[in-house]
Amino acid sequence: MHKRILLTMALCASLLQAGAADADYHVIPLPQQITISRSNPFTLLPTTQVICTSSDDLMQRNAHFLCDYIKETTGMALTVSINTKVKSPAIVLAIDPKIDGEEAYRITVNQRKVIISGRTSAGIFYGIQTLRKSLPIISAGSAEPVVLPAAEISDAPRFSYRGMMLDCSRHFFTLDFVKRYIDLLALHNMNVFHWHLTDDQGWRIEIKKYPKLTEIGSKRTGTVMGHNSDVDDGQPYGGFYTQQEAKEIVEYARQRHITVIPEIDMPGHMKAALAAYPELGCTGGPYEVGHTWGVYKDVLCLGNEQVYQFVNDIIDELVNIFPAKYIHIGGDETPTVRWAECPKCQKVAAEHNLKLNKLQAYFTNRVEKHINSKGREIIGWDEILDGDINQSATIMSWRGIEPGERGAKLGHDVIMSPTSHCYFDYKQYDDESAEPEGQHGLITVEKVYELDPAPASMPAESRKHILGAQANLWSEYIAYPNRAEYAVLPRMAALSEVQWTPAGQKNYDNFKERAEHMAKIYDLYHYVYALHLWPNRFNHNRSEW
C-alpha cells in the first residue's frame with residue numbers, strides 16, 4: 001500500500017512537471033555564480049509555503065513581498081508560515097551570519113526546498129529579486145506549476161552604492177509615481193533613491209520655518225515651450241511634498257532596502273528660494289521662479305550671514321525627515337557674476353583672503369560642518385572639487401569620469417554619474433523623429449552597459465574610493481510618468497548590471513538575450529519602455545504610422 005502511494009505521488013509529480021513552465025536563473029543583473037545540479041528540481045505549486053521564522057519587520061516584509069511577486073508572476077497565492085516543521089515543499093528565508101557581505105545572498109534549490117539565505121534582510125531581499133525575475137510569466141488563472149532546476153546561486157554586488165536620481169523640481173511627480181519609481185529601483189537591485197527636490201524652477205519640499213518656500217517657491221506662472229524658445233505656455237504650474245509625505249516615501253523605500261538621499265541644490269540653482277526670500281540674494285530682487293531651463297546668474301549671497309542661518313535651518317528639518325547618512329548639497333553650475341558685483345561678498349572674500357571663485361568652497365565648508373554636527377555627511381556634484389573642500393565630502397562625478405578619478409586620488413569617496421553614460425534624459429535612439437522631445441545627446445542601452453565606474457586602469461588606491469554609479473533623470477523635457485518610464489527603461493537594466501555584476505562577467509550580447517525576459521516583466525507591470533533592443537517590435541510599431 002505504501003509503495004502504491006509513493007508511485008502515485010511520483011507519477012503526479014512527473015505529470016505536473018510535464019505541463020510545467022521552467023524557471024531561468026540567468027536574470028538581470030546576472031548573479032556572480034550559478035551552479036546547476038543534475039538533482040531533481042523543485043516544483044512550485046499553489047500549496048507551497050514561504051517559511052520565515054524571523055520576527056524582524058524587514059524579514060516579514062521580505063516574505064510577503066515574495067508572495068506578492070509570485071502571485072503577480074504565476075498567479076499562485078502562497079502563504080507565509082513561521083513553522084519550520086512544514087513538510088510540504090517550501091521556500092525558506094534564513095539569516096546566515098556566515099555569508100560574507102551585507103548585501104550578499106545564496107539560493108539553494110533542491111527537490112524539497114528553495115532556501116534563500118543572507119547575512120542581512122537586505123541580502124535576502126536581493127535573493128528574492130533574483131528568484132522573482134527567474135520565474136516565467138504565466139497568464140492569470142492557469143495555475144500552471146513552475147519547475148525550478150536544482151541549483152546553487154552565490155551572489156553579491158560589485159558596488160555598495162547603486163543609485164537612480166529623479167528630478168522633481170523642473171516637473172513635479174505625484175507620490176504614487178515616486179513609489180512606482182522606487183519599485184523600479186527594487187526590481188533592478190538598486191539601493192539609493194536620490195531625490196532632487198529644489199532648483200530654479202521649483203522648491204518641492206516643505207520647510208516649516210520658511211513657509212514661503214512652498215507658498216511661493218513651489219509655483220511658477222509659466223513654462224518655456226521646447227528648447228528655451230521665446231514662447232512661454234503661460235500656465236501656472238506647481239506642487240510640493242509635505243514633510244509627512246516625504247517621510248512616507250522614506251518608509252516605502254526602507255521597506256525595499258532603499259535609502260532616500262535628498263538634494264537641496266546650493267548655492268546656485270536657488271532662484272525658486274530667492275523668489276520666496278529675496279533678501280538672500282546679492283541684489284535683493286525681485287526674483288521670479290524660473291520658467292526657462294539652464295543656469296541663472298542669481299545665486300545665494302555668500303556675504304550675507306543670514307544665508308548660513310537659512311541653510312542650517314533647512315538642514316535641521318531635513319535630518320528629521322531623511323535618516324540617510326548623506327545630504328546632497330548640489331554645488332553645480334554656480335556663476336560668480338553676482339558675487340563680483342556684491343559688496344558683502346567682496347568683504348567676506350577679503351576678510352578670508354579668498355578669490356571670488358573660492359567663495360563657494362568657503363560656503364561648502366561651513367555647510368559641511370553643520371551637516372557633520374548632525375551626524376551626517378555631504379555629497380556634492382564634482383564642481384565642489386574646485387575649492388579647498390574637506391576630504392570627508394563625497395563627490396558625484398557628472399562632467400565625465402576624470403573629475404571622479406581626480407577626487408578619488410585626493411582621497412574623496414566618489415560616485416560615478418557621467419553625462420556620457422548616465423544622463424537618462426538624453427535620447428535613446430539616433431533618429432530624433434522617433435523619440436519624444438528631450439535633450440539632443442544620445443545614450444543608447446549599449447553605451448550605458450559600457451560604463452566601468454572603476455576600471456582596472458585606475459590605480460588601486462583610487463579604485464577603493466569608488467562607491468558605485470548612478471544615473472540621473474533630469475526633467476526639463478520629462479513632464480509625465482509615461483515619459484519618465486520610457487527614459488529610464490531599459491537603460492536601467494543595463495545600469496543595474498554595471499552596478500552589480502563584476503566587470504569580467506559582463507557581456508552585452510548575452511545581456512540582450514536576458515533582456516527578453518526583463519521586457520516581459522516590464523509588460524507585466526505595464527511599464528512604458530523603449531523598444532530599440534527589439535528591432536522587430538520597434539519597426540513593427542513604426543510601420544503602423
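Note that the structure is predicted; figures quoted are calculated from it, not measured. Quick note: residue numbers are just sequence positions, from 1.
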Asp100, CG atom: more than 12 neighbouring heavy atoms under 6.0 Å: no
Trace of the side-chain hydrogen bond (donor to acceptor under 3.5 Å, both in side chains) decision for Asn189 with Gln129: CA-CA 7 Å; Asn189 291 28; Gln129 293 302 325; over 6 Å; no
Pair Thr501-Gln32, side-chain donor/acceptor within less than 3.5 Å: no
Asp155 side chain near Leu30 side chain, heavy-atom distance below 4.5 Å: no
OG on Ser475 to CG on Asp425, rounded to 0.5 Å: 8.5 Å
Charged tip of Arg483 within 45° of Phe424 ring normal and under 6.0 Å: no
Heavy-atom side-chain proximity of Asp22 to Pro136 below 4.5 angstrom: no
His194 ring center within less than 6.0 Å of His328 ring center: yes
Student check: side-chain heavy atoms of Phe193 and Val178 closer than 4.5 Å: yes
Modelled atom types, side-chain donor and acceptor of His196 and Glu263, under 3.5 Å: yes
Spacing of OG belonging to Ser169 relative to CZ belonging to Phe240, to within rounding of 0.5 Å: 14.0 Å
Separation between NE2 of His188 and CG of Leu489, rounded to the nearest 0.5 Å: 5.5 Å
Step-by-step side chain to side chain contact (heavy atoms under 4.5 Å, CB included) determination, Ser417 to Asn472: CA-CA 7 Å; Ser417 188; Asn472 304 319; 2.8 Å; yes
Verdict with reasoning, Ile70 to Leu44, per side chain to side chain contact (heavy atoms under 4.5 Å, CB included): CA-CA 10 Å; Ile70 289 174; Leu44 181 64; 4.1 Å; yes
Ile107 side, atom CD1; Ile34 side, atom CD1 - distance, nearest 0.5 Å: 9.0 Å
Atom pair CG/CD1 of Leu197 and Ile261 - distance to nearest 0.5 Å: 12.0 Å
Trp398 side chain near Asp332 side chain, heavy-atom distance below 4.5 Å: yes
Contact check, side chains of Pro490 and Tyr527, non-hydrogen atoms, under 4.5 Å: no
Worked check of side-chain hydrogen bond (donor to acceptor under 3.5 Å, both in side chains) between Gln255 and Glu251: CA-CA 6 Å; Gln255 293 173 8; Glu251 176 59 17; 3.0 Å; yes
Check against side-chain hydrogen bond (donor to acceptor under 3.5 Å, both in side chains), Tyr426 and Thr419: CA-CA 9 Å; Tyr426 287 17; Thr419 56; 4.8 Å; no
Aromatic plane relationship, His257 with Phe125 - under 30° parallel, 30 to 60° tilted, over 60° perpendicular: tilted
Exercise: do Thr108 and Glu152 side chains pair donor with acceptor under 3.5 Å: yes
Student check: side-chain heavy atoms of Ser160 and Gln499 closer than 4.5 Å: no
Residue Ile82 excluded, over 12 heavy atoms near CD1 under 6.0 Å: no
Heavy atoms of other groups near Lys179 NZ, more than 12 under 6.0 Å: yes
Heavy-atom side-chain contact between Ile116 and Leu131 under 4.5 Å: yes
Test side chain to side chain contact (heavy atoms under 4.5 Å, CB included) applied to Gln470 and Met165, step by step: CA-CA 7 Å; Gln470 173 180 294; Met165 185 272 276; 3.6 Å; yes
Residues Asp523 and Tyr529: side-chain donor-acceptor under 3.5 angstrom: yes
4.5 Å side-chain heavy-atom contact, Trp500 and Arg158: no
Heavy-atom donor-acceptor pair, Thr198 side chain to Asp265 backbone, under 3.5 Å: yes
Neighbour count above 12 (heavy atom, 6.0 Å) for Tyr508 OH: yes
Tyr525/Glu72 under side-chain hydrogen bond (donor to acceptor under 3.5 Å, both in side chains): CA gap, chis, key distance, verdict: CA-CA 9 Å; Tyr525 293 102; Glu72 291 162 353; 2.4 Å; yes
Inter-residue atom distance Thr79.OG1 - Ile51.CD1, 0.5 Å rounding: 9.5 Å
Test salt bridge (Lys or Arg N to Asp or Glu O under 4.0 Å) applied to Asp57 and Arg254, step by step: CA-CA 11 Å; Asp57 167 57; Arg254 183 192 74 87; 2.8 Å; yes
Cationic tip of Arg256 above Tyr252 ring, under 6.0 Å, 45° of axis: yes
NZ/NE/NH1/NH2 to OD/OE distance under 4.0 Å, Asp68 and Arg61: no
Side-chain ion pair, Asp176 and Arg180, N-O less than 4.0 Å: no
Pair Asn510-Arg514, side-chain donor/acceptor within less than 3.5 Å: yes
Under 3.5 Å side-chain donor-acceptor pair for Lys512 and Asn507: no
Pair Phe511 and Tyr449, ring centroids less than 6.0 Å apart: yes
Cationic tip of Arg204 above Tyr241 ring, under 6.0 Å, 45° of axis: no
Side-chain ion pair, Glu102 and Arg119, N-O less than 4.0 Å: yes
Test of ring centre spacing under 6.0 Å for Phe173 and Tyr181: no
